Amino acid sequence: MRLHNSYTNRVEEFVPIEENKVKMYVCGPTVYDYAHLGHARCYITWDVLYRYLKFKGYDVTYCRNVTDVDDKILKKAEKEGKTPEEVSQYWYKQFDNSMKALNTLKPDIEPFATKTLGEMISIVKDLVNKGYAYEADGDVYFRVKKFPAYGNLSKQPIDQLESGARIEVGEHKEDPLDFALWKKDEKFGYKSPWGVGRPGWHIECSAMSRKYLGKTIDIHAGGADLIFPHHENEIAQSECANGCKFVNYWLHNGFVTINKEKMSKSLGNFLTIDELLKKYDANTIRFFILTNHYRMPVEFSDEALASAQAGVKRMLNAKRTNIDESLDITKTDEYKQFVEAMDDDLNTSKALAVLFDLTNKANKDEAGAYTVLFKLASALGFCFAKPELSAEELDDAVRYVSEKLGENFETMEELIAYRKKAREEKNWAVADTIRVALDEKGIVLKDSKEGTVWEVK
RNA sequence: GGCGACAUGGCCAAGUGGUAAGGCAGGAGCCUGCAAAGCUCUUAUCCCCCAGUUCGAAUCUGGGUGUCGCCUCCA
């Protein structure tokens, strides 16, 4: 398997540290607001990587943190008269629901920053002792110039970074490039060797990654906007504290754009996952994201989503015949093509082409095609379960059609039998009234030689 | 200004040296009472422009043009 490593800017053969085991860390959300389509792309992308690694037989440990100590959370708490915990707990639940609704797998470990403070303090102490960091009036800063590899990930020459760096009012940095490991905060802070304060954002990931996965990990992933300064700073902290390499493969996903601009909270041009799910289902959103390579920008538009919806529907509605549970799919050509595509730095658009090939074959009753399709598409996180109507909705639909006909029916079966009879008598008006009325209730009737079936639109 | 990426049919998008995958939309046909779904066929002599390397380039090199991102919180 080959993956693009942002550190070397090359596609490299993936070799895990420990044979057959993968330790992956993904920078998780700061929980203070709704997650939007940009987050969905990120977490769906890495969900697919997680699923695919498992599909390949790796024993994967996936850790994704929750940042629950942060300026924005505190601001929100103050504004709403709540505690920071109340705010972060509420928004974590929202986030968790969104992730579930998108059919992403829960990471094996989902640590909260506030529960990992001990590890953070220990790393900061270590950095101070080793001379990589210094305390200044209750703050602790990292000495960037002590770490010669600084800028390697973002490919930023240090002098360029220097020209952009500033010292904010109230900060006591030795150098504008230095960044905070710990910040004095007497109101919301925690006890530390440097007084009451709270951790800087970057140290949180270094600490949680080390605590749960170890000093050197296989994969660290996140949005491309985290490359600088977040991931650059993580490398500096972790490698100076641990004296060894931090991450073997740095993976970054591209952005979702809207009107050719990055979708982001600060620009305010975002669509929340909740809003989106009212219009499109999880499979559609996943398909939309996977049609593009994960490193490329993806332009959001309703047209693109509608196209994705039509495409994914075709795939998931493939004819379910000739299901062969005993089939060894790894022997099939399509499996080989699928794996070849996915092994090539997650070429999901190519992998989807294989799935459409299988869809066509299944629709033509080719033996085993549906079985292979089902297993491969499931490996990408597509869900084949058809939407269902509740008993109430079904009753409502039957009642609605009954009223239209001026008859009294109790069940769908009765309706379909009645329509069958009408069709045999060439009473098209009645037959079409039933079909149109059901359609209005979200039920589609499909006539074929074998009879009529109904399904949810 | 520094750094990084991208430009392929109406739309989305693979392909990165050997003659343009796939999806959506459109057209024709089959099936159907009509639909829906499905099936078959069909839609780029050409891949932003110019020059070069090569037997051969969308794919490599150089130069343009355009778009986006990072350099501040950000997935």
Side-chain angles (χ1 to χ4, degrees), chain A residues 6 9 26-30 32-33 35-46 64 70-72 151 153-166 168 201 221-230 232 252-257 260-267 270 287-288 290-293 295-299 301 303-315 317-319 337 341 344 347-357 359-360 362-365 422-429 431-432 435-436 439 444-449 452-455 457:
Chain A
S6 307
N9 207 9
V26 171
C27 286
T30 301
Y32 70 100
D33 206 345
H36 61 67
L37 182 55
H39 300 102
R41 183 187 194 187
C42 174
Y43 301 125
I44 287 173
T45 296
W46 307 125
R64 184 181 66 204
D70 177 271
D71 279 345
K72 286 173 180 160
L153 177 69
S154 56
K155 321 282 184 289
Q156 287 289 331
I158 198 110
D159 54 324
Q160 272 298 323
L161 288 173
E162 213 157 14
S163 68
R166 292 268 164 75
E168 303 286 330
W201 176 40
D225 47 359
L226 299 184
I227 290 173
F228 191 89
H230 187 53
E232 197 76 73
H252 293 98
N253 61 279
F255 305 121
V256 174
T257 60
K260 297 226 162 188
E261 243 184 356
K262 179 184 168 188
M263 182 179 286
S264 72
K265 278 181 192 160
S266 42
L267 290 171
F270 59 88
F287 185 90
F288 166 69
L290 297 187
T291 48
N292 295 67
H293 185 84
R295 282 188 280 120
M296 297 290 109
V298 178
E299 169 77 6
S301 68
E303 197 192 359
L305 265 295
S307 165
Q309 190 169 43
V312 80
K313 194 177 161 198
R314 193 162 103 77
M315 181 173 91
N317 281 336
K319 207 168 161 189
Q337 290 159 14
D344 182 18
N347 192 335
T348 48
S349 48
K350 217 177 196 177
L352 287 175
V354 177
L355 300 186
F356 277 105
D357 181 32
T359 300
N360 181 257
N363 286 334
K364 287 193 282 188
D365 293 322
R423 290 181 69 212
E424 280 162 3
E425 290 163 2
K426 299 201 191 298
N427 189 347
W428 310 129
D432 291 348
R435 191 169 63 198
V436 169
D439 187 80
V444 183
L445 288 185
K446 293 182 175 178
D447 297 325
S448 74
K449 279 174 193 154
T452 299
V453 294
W454 67 274
E455 55 190 51
K457 221 197 287 191

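Numbers restart at 1 for each chain; the letters A, B, ... are given by sequence-line order, proteins then strands. These figures come from a predicted structure and were not determined experimentally.
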When both distances are under 3.5 Å in a Watson-Crick or G-U wobble arrangement, the nucleotide paired with B:rU67 is B:rA5

pair_partner(B:rG18), Watson-Crick or wobble, both distances < 3.5 Å, evaluates to B:rC55

When the [atom1] atoms of [M] and [N] are compared, how many Å lie between them, rounded to an integer?
| N | M | atom1 | result |
| --- | --- | --- | --- |
| B:rU19 | B:rG62 | C1' | 25 Å |
| B:rC39 | B:rA7 | P | 31 Å |
| B:rU45 | B:rU32 | C1' | 39 Å |
| B:rA37 | B:rC47 | P | 35 Å |
| B:rG64 | B:rA21 | P | 34 Å |
| B:rU54 | B:rG18 | C1' | 12 Å |
| B:rU42 | B:rG23 | P | 13 Å |
| B:rU16 | B:rG4 | P | 23 Å |

Per atom distances to the A:D432 side chain, the nearest of B:rA37, B:rC34, B:rA75 is B:rC34

| request: Side-chain contact test, heavy atoms from C-beta onward, threshold under 4.5 Å: evaluate it for A:D33 versus A:K72 and give yes or no. | output: no

For the side chain of [X] and the base of [N], is some donor closer than 3.5 Å to an acceptor across the two?
| X | N | answer |
| --- | --- | --- |
| A:R41 | B:rA75 | no |
| A:D447 | B:rC34 | yes |
| A:K262 | B:rC68 | no |

Without decimals, in angstroms, what is the distance between [X] [atom1] and [N] [atom2]?
| X | N | atom1 | atom2 | value |
| --- | --- | --- | --- | --- |
| A:Q156 | B:rG1 | CD | C1' | 11 Å |
| A:E299 | B:rA7 | CD | C1' | 14 Å |
| A:E303 | B:rA25 | CD | C1' | 8 Å |
| A:L355 | B:rA13 | CG | C1' | 15 Å |
| A:N292 | B:rC68 | CG | P | 18 Å |
| A:K446 | B:rU32 | NZ | P | 18 Å |

Answer yes or no for this row: A:F255 ring on B:rA75 base, centroids under 5.5 Å, planes under 30°.
no

Is there a side-chain polar atom (N or O) of [X] under 4.0 Å from OP1 or OP2 of [N]?
| X | N | result |
| --- | --- | --- |
| A:N360 | B:rG38 | no |
| A:K364 | B:rU40 | yes |
| A:N9 | B:rA5 | yes |
| A:N363 | B:rA37 | no |
| A:R314 | B:rC39 | yes |

When you check the side-chain N and O atoms of A:N347 and A:S349, is any donor under 3.5 Å from an acceptor?
yes

* Asked: Hey, is the main chain of A:A318 close enough, under 3.5 Å, to the side chain of A:N363 for a donor-acceptor pair?
  -> no

Looking only at heavy atoms, what is the nearest atom pair of [X] and [Y], with distance?
| X | Y | value |
| --- | --- | --- |
| A:M315 | A:F356 | CB-CE2, 4.2 Å |
| A:A304 | A:E299 | CB-O, 4.4 Å |
| A:Y32 | A:K265 | OH-CD, 3.3 Å |

